[in-house]
Amino acid sequence: MRLSQLIGKTLRDDPKNAKLVSHKFLLRGAYIRQVGAGIYSLLPIAKKIVSKIENIIREEMNRIDGQEVMLPVVMPRELWEEAGRYDSIGDEMLRFKDRNNNDMLLGMTHEEAIVHLARTEINSYKQLPVMLYQIQTKFRDETRSRGGLIRVREFTMKDAYSFHTSFEDMVDYYHKVHEAYDRIFKRTGLVDFIDVKSDAGMMGGNTSHEFMLLTPDGEDTIFVCPQCKYRANKEIAQADYPGVEEDPLPLKKVATPGKKTIEEVAAFLKVEKQQTAKAVFYVAREKQLVFVLIRGDLEVNENKLGKALQTNDFRPAHDVEIEKAGAVAGYASPLNLSTDDFTLVVDPTVEQSNNLVTGANETDTHYINFNADRDLKGMEYIQTDIATPREGDPCPQCKKPLKSSRGIEIGNIFQLGTKYSQPMQADFLDEHGKRKPAVMGCYGIGVGRLMASVIEEKNDEYGPIWPLSIAPWQLQICAINYRKQEVKDATEKLYIELKEEGIDVLLDDRDEKAGVQFNDADLRGIPFRIVLSPRNLKKNQVEFKRRDSKDKTFIPLNKVVATLSHEIKQELKKYS
RNA sequence: CGGGGCGUAGCGCAGUCUGGUUAGCGCGUUCGGUUCGGGACCGAAAGGUCGGAGGUUCAAAUCCUCUCGCCCCGACCA
C-alpha cells in the first residue's frame with residue numbers, strides 16, 4: 001500500500017474529547033471517525049487490524065471445533081418473547097417497527113437466534129456437543145458510551161454458543177473456551193490480563209468469568225488475592241470481614257441525641273464503626289420497601305442487592321417511605337417492626353457480630369448489644385452477602401488482604417445451563433430416547449474493544465505499538481526525498497521485492513519531510529520500519545528500526561529483503 | 001436517568017459576559033518557490049446556513065425561549 005493513496009489523515013492536535021490513550025491515538029492516527037454517540041466508522045488501517053484480530057479468534061474457535069455462522073441483526077419481537085427477554089430487557093435494546101407494523105429489534109446478543117437455529121438442526125445426542133459462533137454487529141443502546149471504542153453502542157462481537165448433553169460436559173467445554181481465550185489474547189499481544197469471577201447479569205446462568213486487561217483506566221474494579229489467586233469483579237467480589245465475636249449482652253436503649261450517621265453514633269458511644277449495624281432503605285419496583293441491615297463500616301453493593309431482590313429496578317427510599325413502615329430515619333433498625341411492611345435483607349456480617357449498636361426507631365435513641373440471631377428471631381428475612389469489599393479486606397478463601405485494581409473487560413464466558421434451551425425447547429433425544437433440553441454455554445469477545453485495549457497496553461508518547469500478529473502492515477518504508485530519482489528508483493525496486501517476498505508493506509511515498517513521515521509512522525504503529533534516503537543510499541544501506549525500540553541499525557541494500565523476511569518470521573513466532 | 005460542560009472552516013481554538021461594517025487565528029488542504037533525517041519557511045488561494053427553529057432589536061455568533069447533538073462525572077451496562 002502506498003501512503004499517498006491511503007485514506008485517513010493523521011491529526012497533529014490531540015482531540016479535545018479523548019481522554020483514554022487508545023481513543024486519542026485511534027483518532028489521531030486516523031483509525032476511527034465518530035458518526036454519533038458510541039457509533040464509529042473504521043478506516044482502512046483499523047479495518048486491517050480488526051480483520052487480523054478476527055482471524056486469530058476464528059482460528060482459535062475453529063481449533064475447539066467451533067462452526068462459524070451468521071445470525072440476523074434484526075429480529076422479530078416474537079422470538080425474544082419466547083425466553084422472556086423482550087420484556088425483561090429495558091431501553092438498552094433498540095426496538096422499532098417494520099412497514100407492516102411488526103415489532104422488531106436490533107440484536108444486542110444472540111441467544112434467542114442461536115437457539116432458534118439449534119432447535120431445528122439439533123435433535124440427537126449424537127450431534128452433541130457442538131459450538132456455533134459468529135463475528136457480527138451488535139447494537140446496545142447504552143445510556144452512556146465512552147472512551148472511543150471502549151464502550152460503544154454499535155460494535156463487532158464474536159459470540160459463541162455451545163450445546164451439550166449434560167452440565168458436566170458443558171463445564172468441561174467451558175474450560176476449553178477459557179484456554180482458547182487465553183491463547184487469543186496472548187496472540188493479540190496482550191500480556192497483563194487475568195480472568196475474574198463475574199456477575200452473569202442479564203445473561204443468566206450460574207458461573208461466569210470475565211477476562212480483564214489490567215489498566216488504571218479500566219472501567220471495572222476487580223479484587224485480586226495475591227496469595228491464593230482469588231479474583232473477582234467488584235460486582236460480586238466477597239471478603240471475609242473480621243467480625244466482633246463476644247458473649248451476647250442484654251439489649252439496652254441508650255440516648256444518642258442528634259447522632260444520626262454511623263460516624264456520629266460510633267464516635268458518641270466510643271465504639272468502632274464495625275460494632276454498629278446500619279439500616280439502608282430502598283424502594284424496589286416503585287412499591288416494595290427494602291430494609292437492608294449491614295454492618296456500619298461496610299457499603300451496600302447495589303449489584304448484589306439487585307440479585308437478592310431479583311430486579312434492577314430500585315432506588316434509595318425517601319424518609320416518608322421509611323417512616324410509613326414505622327422506622328425512624330437515622331435511628332432505624334428492624335427491631336419492633338413488622339416485616340409485613342418491608343422486605344428485610346440482612347448481610348451476614350451483622351449476624352456474625354455480637355453486641356452491635358443499632359437504631360431504636362425512636363428519635364435520638366439507639367440500642368446497644370444488638371445480636372441478630374437472638375433479636376431478629378421469628379422475623380422473616382433474606383440473609384445474603386450484599387457488602388462491597390474494600391482494598392485490604394481479607395480474602396474470602398485464604399484471608400490474605402485483597403488488592404483492588406482496574407480493568408477493561410475484553411471477553412467473557414458464561415455457563416448458561418438451560419436458561420434459553422428450556423423455555424425455547426431446544427431439546428435433543430438422549431440415548432434412551434428421552435427428550436432433554438440442551439445445556440448451553442456462551443462466550444463473547446468485543447473485537448473493537450480488544451483493538452483499543454491493545455493500544456492501552458502497548459503505546460508510547462508517539463502512538464500505538466502494534467504487535468506483529470495484528471499490525472495493519474508488517475513493515476513501513478519511509479522514503480526521504482522520494483522525489484529524488486535515486487531514492488525513488490531504489491525505493492520502488494525494494495518495495496516490489498518486499499511485496500514479492502510476501503511482506504505486507506506500507507510505503508510512505510509522499511514528498512514529506514522526514515519528521516512528518518516519522519511521526520505519521522509512529523502513529524500507525526507498524527512494528528518494523530526502514531528508511532531510504534540519499535544519505536543511506538550513498539552507503540548502499542537502509543536504516544532499520546523496530547517500533548518498540550529506540551535503536552537504529554543499518555542493513556546493506558542487497559540484504560534488506562532477506563533480513564526483514566527473517567526478522568518478521570522470528571517475530572511472528574512470538575504470537576503463534 | 002441525575003449533575004456539569006461544549007456546539008464558530010477538515011482538526012484545534014479566539015470572539016459571546018458588555019449586540020455594531022466584508023466573523024478571526026493556528027494546523028491541515030490547493031498552487032508557486034526556497035528547504036529537506038523527528039511535525040521547515042515565504043507568497044498566493046480555496047474553505048463558514050457561527051448546531052437548528054422562533055423571538056427581541058435599526059442591527060444578533062453575541063440577548064431571550066424552545067429544540068437537537070456531542071463530551072465529562074455518576075447511576076446503568078450479556
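Note on naming: letters A, B, ... go to the chains in the order of the sequence lines (proteins, then strands), and numbering restarts at 1 for each one. Values in this document were obtained by computation on a predicted structure and should not be read as measured data.
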* B:C36 and B:G47, which share atom name P, separated by this distance in whole Å -> 34 Å

* **B:U8 and B:G12, which share atom name P, separated by this distance in whole Å** => 8 Å

* Asked: If pairing requires Watson-Crick or G-U wobble contacts with both distances under 3.5 Å, which nucleotide is the partner of B:G38?
  -> none

* Are the charged groups of A:Glu219 and A:Arg406 less than 4.0 angstrom apart, N to O? -> no

* Nearest to side-chain heavy atoms of A:Lys513, which nucleotide of B:C70, B:C72, B:C36 -> B:C36

* Identify the two heavy atoms, one from A:Val152 and one from A:Gly38, that lie closest to each other, and give their separation to 0.1 Å. => CB-O, 3.4 Å

* To do: Sticking with atom C1', work out how far B:U21 lies from B:A61, rounded to a whole angstrom.
  => 16 Å

* Where the side chain of A:Leu11 is concerned, which of B:U29, B:C11, B:C1 is the nearest nucleotide? -> B:C11

* For RNA chain B, the residues among residues 516-532 of chain A that have a non-hydrogen atom under 4.0 Å from it -> A:Val516, A:Phe518, A:Asn519, A:Asp520, A:Asp522, A:Leu523, A:Arg529, A:Val531

* To do: Salt-bridge test for A:Lys419 and A:Glu111: reply yes if a basic N is under 4.0 Å from a carboxylate O, no otherwise.
  => no

* B:U56 - base-pair partner by Watson-Crick or wobble geometry, distances under 3.5 Å -> none

* To do: Measure from NZ on A:Lys9 to P on B:A9 and round the result to the nearest Å.
  => 14 Å

* Structure fact -> A:Glu92 atom CD is separated from B:C1 atom P, nearest whole Å, by 15 Å

* Between A:Asp14 and A:Lys158, which has a closest nucleotide on RNA chain B that is more 5'? -> A:Asp14

* To do: Indicate yes or no: does A:Asp103 engage A:Arg95 in a salt bridge with an N to O separation below 4.0 Å.
  => no

* Asked: Where the side chain of A:Arg146 is concerned, which of B:C72, B:G12, B:G38 is the nearest nucleotide?
  -> B:C72

* To do: Please state how far atom CD1 in A:Ile408 lies from atom C1' in B:C77, giving the value in whole angstrom units.
  => 15 Å

* Nearest nucleotide by nearest heavy atom, which residue falls closer to the 5' end of RNA chain B, A:Arg483 or A:Arg151? -> A:Arg483

* When all nucleic acid strands are considered with a 4.0 Å heavy-atom cut-off, which category describes A:Glu219: base, sugar-phosphate, or nothing? -> nothing

* For nucleotides B:C17 and B:C31, find the distance between their C1' atoms and express it as a whole number of Å. => 42 Å

* Run the salt-bridge test on A:Glu142 and A:Arg151 with the 4.0 Å N-O cut-off and return the result as yes or no. => yes

* 4.5 Å side-chain heavy-atom contact, A:Phe211 and A:Phe185 -> yes

* Asked: Among the nucleotides B:C70, B:G39, B:A75, which one has an atom lying closest to any side-chain atom of A:Arg28?
  -> B:G39

* P-based separation of B:C58 from B:C50 [nearest Å] -> 22 Å

* To do: Could you state the atom-to-atom distance from CG of A:Leu27 to C1' of B:G28 in whole Å?
  => 16 Å

* Whole-Å distance between B:C70 P and A:Tyr40 OH? -> 10 Å

* Asked: Base, sugar-phosphate alone, or nothing: which one does A:Ser145 contact when heavy atoms must sit under 4.0 Å apart?
  -> sugar-phosphate

* Considering only side-chain heavy atoms of A:Ala37, which listed nucleotide, B:C76, B:C70, B:G38, is closest? -> B:C70

* Asked: Expressed as a whole number of Å, how far does the C1' atom of B:G7 sit from that of B:A14?
  -> 15 Å

* Residue matched to B:G2 through Watson-Crick or wobble contacts both under 3.5 angstrom -> B:C73

* **Integer angstrom distance from the C1' of B:C70 to that of B:C11** => 16 Å

* B:U22 pairs with which nucleotide, Watson-Crick or G-U wobble, both distances below 3.5 Å? -> none

* Answer yes or no: are there more than 12 heavy-atom neighbours, outside A:Glu391 itself, under 6.0 Å from its atom CD? => yes

* Nucleotide nearest A:Gln34 (side chain, heavy atoms from C-beta), chosen from B:G26, B:C70, B:C77 -> B:C70

* Asked: Between A:Lys488 and A:Asp509, does at least one N-O distance fall below 4.0 Å, as a salt bridge requires?
  -> no

* Hey, are A:Arg390 and A:Asp297 close enough for a salt bridge, meaning a charged N less than 4.0 Å from a carboxylate O? -> yes

* To do: For the pair A:Asp460 and A:Arg547, find out whether any cationic side-chain nitrogen is under 4.0 Å from an anionic carboxylate oxygen.
  => yes

* To do: Both distances under 3.5 Å, Watson-Crick or G-U wobble: report the partner of B:C17, or none.
  => none

* Please report, rounded to the nearest Å, how far the P atom of B:C71 is from the NZ atom of A:Lys24. => 18 Å

* Look at all strands and tell whether A:Arg33 reaches a base, only sugar-phosphate, or nothing, counting heavy atoms closer than 4.0 Å. => nothing

* Distance check: side-chain N/O of A:Arg12 vs OP1/OP2 of B:G28, anything under 4.0 Å? -> yes

* To do: Give one of base, sugar-phosphate or nothing for A:Asp159, where a contact means two heavy atoms less than 4.0 Å apart.
  => nothing

* Asked: Expressed as a whole number of Å, how far does the C1' atom of B:G43 sit from that of B:A60?
  -> 37 Å

* What does B:G7 pair with, Watson-Crick or G-U, if both distances are under 3.5 Å? -> B:C68

* Give a yes/no verdict on a cation-pi contact between A:Arg529 and A:Phe518, requiring under 6.0 Å between NZ or CZ and the six-membered ring centre and an angle within 45° of the axis. => yes

* Nearest listed nucleotide, side chain of A:Asn481, among B:U29, B:C71, B:C36 -> B:C36

* Which part of the nucleic acid, if any, lies within reach of A:Gly90 when heavy atoms closer than 4.0 Å are counted: base, sugar-phosphate only, or nothing? -> nothing

* Touch check for A:Gly147, heavy atoms < 4.0 angstrom, all strands: base, sugar-phosphate only, or nothing? -> sugar-phosphate

* Between A:Lys307 (NZ) and B:C77 (P), how many Å, whole number? -> 12 Å

* Whole Å only: how far is the NZ atom of A:Lys19 from the C1' atom of B:C6? -> 17 Å

* Structure fact -> Paired to B:A44 by Watson-Crick or G-U wobble criteria (both distances under 3.5 Å) is B:U30

